[in-house]
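Before any comments, here is the structure.
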There are 2 protein chains.
Amino acid sequence: MKSPHPPPLDRYDRRILELIQQEGRISNQELAERIGLSPSPCLRRLRALEESGLILGYRALVDARQLGYRLMALVHISMDRHTPERFANFERQVAALPQVQECLMITGQEVDYQLKIRVEDMDDYQQLLLQHITPIEGVSGVHSNFVLRPVFENRGVPVAP
Amino acid sequence: MKSPHPPPLDRYDRRILELIQQEGRISNQELAERIGLSPSPCLRRLRALEESGLILGYRALVDARQLGYRLMALVHISMDRHTPERFANFERQVAALPQVQECLMITGQEVDYQLKIRVEDMDDYQQLLLQHITPIEGVSGVHSNFVLRPVFENRGVPVAP
DNA sequence: TCGCCCGATGGCATAATCTGCCAATCAAAC
DNA sequence: GTTTGATTGGCAGATTATGCCATCGGGCGA
């Protein structure tokens with residue numbers, strides 16, 4: 001999957017990465033056309049990028065609001081004792097909650113994790129917090145911020161020249 | 001694109017949404033097989049979901065670390081004067097920075113925005129902050145947290161039954 | 001209970017796409 | 001200028017997508 005010496009990316013590879021980050025389901029033919037290559041080598045390059053692990057996968061972006069998730073929250077969690085077992089347990093429990101879209105271990109004097117959460121409304125949020133997050137062993141502090149407006153999300157990673 | 005009365009989702013639609021959030025480039029044939037429908041109606045449903053706006057698009061996930069982006073930071077921004085023009089200007093300037101992966105306007109007594117940033121290293125980060133973010137008109141406070149470990153990201157939106 | 005009606009399904013045929021193979025091309029090193 | 005190696009383009013077979021039409025099934029009224 002991941003070679004020890006990843007070959008450098010030329011301009012074709014970079015164009016491919018840029019385009020499939022924007023249009024993940026673009027056909028190989030159109031991809032080839034846009035990068036100025038014939039379909040054959042274009043597909044070979046795409047497969048190579050997938051094999052190398054540079055392309056981790058493909059996702060459809062679903063409109064969470066249309067599914068009823070009108071509330072997005074950023075939750076900062078602090079843990080009382082910093083043992084590996086506590087962390088591992090917390091991460092496992094949190095991964096089991098589908099409302100938790102993202103979990104980052106971060107720096108901060110009073111904070112250990114930031115969670116990004118999607119729920120329908122405040123009632124849901126309160127229930128999730130009180131019944132599923134606060135009770136996790138080791139959680140000593142919880143601080144919530146709510147997203148007033150997502151200015152932009154899910155941007156592609158810049159592919160430098 | 002977005003109908004005023006979106007038709008309710010049945011179990012087929014929900015399965016489609018679940019699967020394409022995990023495998024965005026799955027072929028229609030395999031998708032049909034997995035949801036227990038023949039290719040014809042499966043494709044019709046997929047297209048309908050795209051037309052309705054529920055599926056916003058498709059993205060390839062690129063491994064940022066392999067591209068050299070070893071540092072991920074969460075930056076909290078406070079603005080000194082809360083006028084619409086200031087906000088709009090800030091958002092425009094920030095959207096022009098490819099290192100800024102996400103920009104959320106959030107609640108908080110001292111905070112107005114959270115940015116998620118990817119850079120190669122601390123030098124890059126310092127330069128981005130001092131040369132491109134701090135100078136934006138209206139920015140009065142900047143506070144950085146760094147991501148020690150992304151436990152998980154890019155999870156799909158739960159599609160409730 | 002029966003029969004009608006509307007929407008959704010499955011299958012088919014055609015069109016488009018994917019994908020492996022081969023010879024030809026290009027670039028760099030000698 | 002020649003050789004060597006990798007990359008490309010085109011072609012053919014296999015796979016997939018997509019529009020069309022008859023059929024099926026569920027809900028509604030009689």
Side-chain angles (χ1 to χ4, degrees), chain A residues 1-63 66-68 156 159-161, chain B residues 1-63 66-68 156 159-161:
Chain A
M1 192 67 109
K2 190 179 174 181
S3 68
H5 292 293
L9 304 175
D10 63 12
R11 54 177 180 162
Y12 290 127
D13 292 320
R14 284 193 287 267
R15 284 287 290 151
I16 290 176
L17 289 178
E18 282 172 3
L19 285 170
I20 60 172
Q21 283 192 94
Q22 300 306 316
E23 295 184 52
R25 243 182 129 102
I26 188 175
S27 76
N28 180 57
Q29 296 219 356
E30 186 168 352
L31 185 60
E33 201 172 309
R34 295 232 204 133
I35 69 175
L37 218 54
S38 68
S40 225
C42 180
L43 184 64
R44 264 195 302 268
R45 282 166 179 273
L46 182 63
R47 292 287 176 263
L49 290 171
E50 291 169 354
E51 291 300 315
S52 75
L54 232 162
I55 295 174
L56 296 168
Y58 299 89
R59 297 283 147 88
L61 281 190
V62 171
D63 188 345
Q66 280 198 55
L67 278 181
V159 185
Chain B
M1 192 65 110
K2 189 178 176 181
S3 70
H5 291 293
L9 303 175
D10 64 12
R11 53 177 179 158
Y12 291 127
D13 292 322
R14 285 193 286 268
R15 285 285 289 148
I16 290 176
L17 289 178
E18 283 173 0
L19 285 170
I20 59 170
Q21 283 193 91
Q22 299 306 316
E23 295 185 51
R25 248 184 123 103
I26 189 174
S27 76
N28 180 57
Q29 296 219 356
E30 186 169 350
L31 185 61
E33 201 172 307
R34 295 231 204 135
I35 71 175
L37 218 55
S38 67
S40 227
C42 180
L43 185 64
R44 265 195 301 267
R45 282 167 179 271
L46 183 62
R47 293 284 177 265
L49 290 171
E50 291 169 352
E51 290 302 313
S52 75
L54 232 162
I55 296 175
L56 297 169
Y58 299 89
R59 296 285 148 89
L61 281 190
V62 171
D63 188 343
Q66 279 198 57
L67 279 181
V159 185

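Every heavy atom of this structure was used, including side-chain atoms; hydrogens, water molecules and symmetry mates were not. Fair warning: this is a prediction, and the values are worked out from it, not measured in the lab. Just so it is clear: chains get the letters A, B, ... in the order the sequence lines come, proteins before strands, and each one is counted from 1.
- The local environment of CD in B:Glu33 is sparse, with at most 12 non-hydrogen atoms from other residues, nucleotides or ligands closer than 6.0 Å.
- Listed nucleotides C:dT9, D:dG19, D:dG9 differ in distance to B:Tyr12; the shortest reach to its side chain belongs to C:dT9.
- Considering only side-chain N and O atoms, A:Arg44 lies nowhere under 4.0 angstrom from the phosphate OP1 or OP2 of D:dA6.
- With C:dT9, D:dG9, D:dG19 as the choices, the nucleotide that has an atom nearest any side-chain atom of A:Ser40 turns out to be D:dG9.
- The CZ atom of B:Arg47 lies 9.5 Å from the CD1 atom of B:Ile55; values are rounded to the nearest 0.5 Å.
- Distance CG (B:Leu31) to P (D:dT18): 13 Å, rounded to an integer number of Å.
- To the nearest 0.5 Å, atom CD1 of residue B:Ile35 and atom CD1 of residue B:Ile16 are 4.0 Å apart.
- Of the listed nucleotides (D:dA17, C:dG10, C:dT17), D:dA17 has the atom at the smallest distance from the side chain of B:Gln29.
- Of the two residues contacting DNA chain D, namely A:Arg45 and A:Arg25, the nearest-nucleotide position lying further toward the 5' end is that of A:Arg45.
- Contact annotation: B:Arg47 reaches the phosphate of D:dT18 (side-chain N/O to OP1 or OP2, under 4.0 Å).
- Separating the CG atom of B:Leu43 from the P atom of C:dT14 is a distance of 19 Å, rounded to the nearest angstrom.
- For B:Arg34 and B:Glu30, the salt-bridge test passes: some basic side-chain N is under 4.0 Å from an acidic carboxylate O.
- In this entry the distance linking CG of A:Leu37 with P of C:dT19 reads 16 Å, nearest Å.
- The side chain of A:Ser27 sits closest to C:dC18 out of C:dC12, C:dC21, C:dC18.
- Nearest-nucleotide assignment on DNA chain C puts the 5′-proximal partner with B:Ser38, out of B:Ser38 and A:Glu30.
- Atom pair A:Asn28:CG and D:dA14:P shows a separation of 20 Å (rounding to whole Å applied).
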